[in-house]
Amino acid sequence: MPDSPFRSSAPGLPPAGVDTSRASIARVYDAALGGKDNVDADRQALDAILEVAPGMRTVARRNRAWLRRVVRYLAGVVGVEQFLDAGAGLPTVGNTHEIAQLVNPWARVVYLDNDPMVSAHGRVLLETNEDTVYLHGDLTDPGVLDRDSAVWRYLDRDRPVAVILGAVLHHIPDAADPAGITARVVEALSPGSYVAITHFWDPGEDAPDHELAREVERRFVEKGLGSGWYRSREEIESFLSGLDLIEPGVVPLDEWWPSGPVRPPGSAEERLILGGVGRKAGFTVVQ
């Protein structure tokens, strides 16, 4: 759910929802994982990307492994008991709540997605889990985390929350100000909260993978999905501005708290995504 490089519909475009005539980021991701919750438009959009970047399937799996490590770290080592997974996508195996509640059975998880089909499907699957809820909402809405937000009916605003933005921000265009969006998220959180992100990375014109980043971005934006931008390291780090970066900082996914020896990227596509976690200072979780 939270690790997709093909997340819910781009801000500025209405969510695909049940419209099967155009691709949905959530359904394209499902197709990339070999799932069944997708249609021809999704598979065509995926094929356009895989023509130039067949390693994008592996990127999804690497992102999933990153999610597992991050949630285990936050729920276990740090002791965070509340999670908000924004832009969650279609439910799949190894979701945030499953990982967090395996480490801490009392962990509470809220999923948020702007696609009505996704949120409805999520609610059905999670209706028997009293500590997990799936809400319809959009990060680009300035009021999404206001004090009267539905999110705070399930999470305690005055206690630390871990916000997961895995593969979300690269589907938000510059015009929508992704840095401003994350700043609003951070402002709404209590001290001691965490924000975790992954994002497509363009290493710059002098790097050998630059042209691949540009071509994959073109396929994402122009071939049916309408979003999927590759940004510089400086831009990606700006999304965690004002937070204390957790070591090792913003790095290739397999370098962030590996469970064993660091696995070198097996494809160029895997090199072109970075992840990082930041902490809002001022509060220490009691273990």
Side-chain angles (χ1 to χ4, degrees), residues 1-5 7 29 33 58-112 122 125-126 129-134 154-156 159-169 185-186 189-199 236 239-240 243-265 270 273-281 283-287:
M1 191 179 312
D3 65 343
S4 164
R7 299 307 282 270
Y29 177 52
L33 291 178
T58 307
V59 170
R61 293 194 291 270
R62 292 296 96 205
N63 221 12
R64 174 69 60 178
W66 172 89
L67 171 78
R68 293 191 185 106
R69 294 194 301 274
V70 166
V71 175
R72 284 201 303 265
Y73 167 77
L74 294 172
V77 176
V78 174
V80 174
E81 297 180 341
Q82 303 186 108
F83 291 80
L84 172 62
D85 186 347
L90 285 165
T92 182
V93 177
N95 300 303
T96 296
H97 74 280
E98 294 171 319
I99 302 164
Q101 291 167 2
L102 181 64
V103 177
N104 179 354
W106 295 276
R108 294 183 64 83
V109 178
V110 170
Y111 292 107
L112 189 72
L125 291 179
L126 299 173
N129 188 317
E130 62 183 16
D131 291 318
T132 306
V133 65
Y134 214 115
Y154 300 96
L155 302 180
D156 184 348
R159 297 176 57 240
V161 176
V163 178
I164 308 297
L165 299 174
V168 169
L169 297 173
V185 169
V186 171
L189 301 175
S190 70
S193 293
Y194 290 79
V195 177
I197 70 170
T198 61
H199 196 293
I236 296 169
F239 302 145
L240 297 173
L243 300 175
D244 297 330
L245 280 180
I246 304 302
E247 291 295 336
V250 176
V251 295
L253 300 190
D254 285 326
E255 294 182 17
W256 204 96
W257 282 73
S259 54
V262 175
R263 171 190 175 277
E270 292 176 71
I273 184 168
L274 303 178
V277 180
R279 178 183 180 275
K280 186 172 181 178
F283 183 91
T284 300
V285 178
V286 178
Q287 302 286 325

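In what follows, residues are counted from 1 in the order of the sequence shown.
In this structure, A100 and V109 approach most closely via the heavy-atom pair CB-CG2, 4.4 Å. Smallest separation of non-hydrogen atoms from L274 and P252: CD2-N, 3.6 Å. Shortest non-hydrogen contact noted between P191 and P160 is O-CG, 3.8 Å.
I164 contributes atom CD1, which lies 12.0 Å from atom OH of Y194 (distance to the nearest 0.5 angstrom). Between atom CH2 of residue W106 and atom CD of residue Q82 there is a gap of 15.5 Å, rounded to the nearest 0.5 Å. To the nearest 0.5 angstrom, I273 atom CD1 is 12.0 Å from T58 atom OG1. A distance of 5.5 Å separates CD1 in I236 from NE2 in H199, rounded to the nearest 0.5 Å. Here T96 contributes atom OG1 and Q101 contributes atom CD; the two are 10.0 Å apart, rounded to the nearest 0.5 Å. The CG atom of L112 sits 6.0 Å away from atom CG of L84, with the distance rounded to the nearest 0.5 Å.
Contact of the L253 side chain with the N63 side chain is registered, since non-hydrogen atoms from C-beta on lie closer than 4.5 Å. Side-chain contact check for R108 versus Y154: some heavy-atom pair is nearer than 4.5 Å. Looking at W256 and I246, their side chains come closer than 4.5 Å, going by heavy atoms from C-beta outward.
Ring geometry for Y73 against W257 counts as tilted: the plane angle lies between 30° and 60°, on a 0 to 90° scale.
R69 pairs by the side-chain hydrogen bond (donor to acceptor under 3.5 Å, both in side chains) definition with nothing, not counting sequence neighbours. Residues passing the side-chain contact (heavy atoms from CB on, under 4.5 Å) test with V185, sequence neighbours excluded: L139, L145, V163, L189. Taking the salt bridge (charged side-chain N to carboxylate O under 4.0 Å, His left out) definition, one finds that R263 meets it with D254, E270, sequence neighbours left out. Applying the side-chain contact (heavy atoms from CB on, under 4.5 Å) criterion to L245, with sequence neighbours excluded, gives L240, V250. Every residue two or more places apart in sequence or in another chain was checked for a salt bridge (charged side-chain N to carboxylate O under 4.0 Å, His left out) with R72, and none qualifies. The ring pair (Phe, Tyr, Trp, His ring centres under 6.0 Å) test applied to F83 returns no partner, not counting sequence neighbours. Here E255 pairs with nothing under the salt bridge (charged side-chain N to carboxylate O under 4.0 Å, His left out) rule; sequence neighbours left out. With sequence neighbours left out, P258 forms a side-chain contact (heavy atoms from CB on, under 4.5 Å) with V262.
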Go through H97 and D131 one step at a time and tell me if the side-chain contact (heavy atoms from CB on, under 4.5 Å) criterion holds.
CA-CA 9 Å; H97 74 280; D131 291 318; over 6 Å; no

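Each of V77, V71, V70 was checked for a side-chain contact (heavy atoms from CB on, under 4.5 Å) with L74, and the lone residue meeting it is V70.
Listed by first then second residue, pairs satisfying salt bridge (charged side-chain N to carboxylate O under 4.0 Å, His left out) with a partner in residues 160-169 number zero, not counting sequence neighbours.
Side-chain atoms of S193 come within 3.5 Å of backbone atoms of V161 as a donor-acceptor pair (strictly under, hydrogens ignored).
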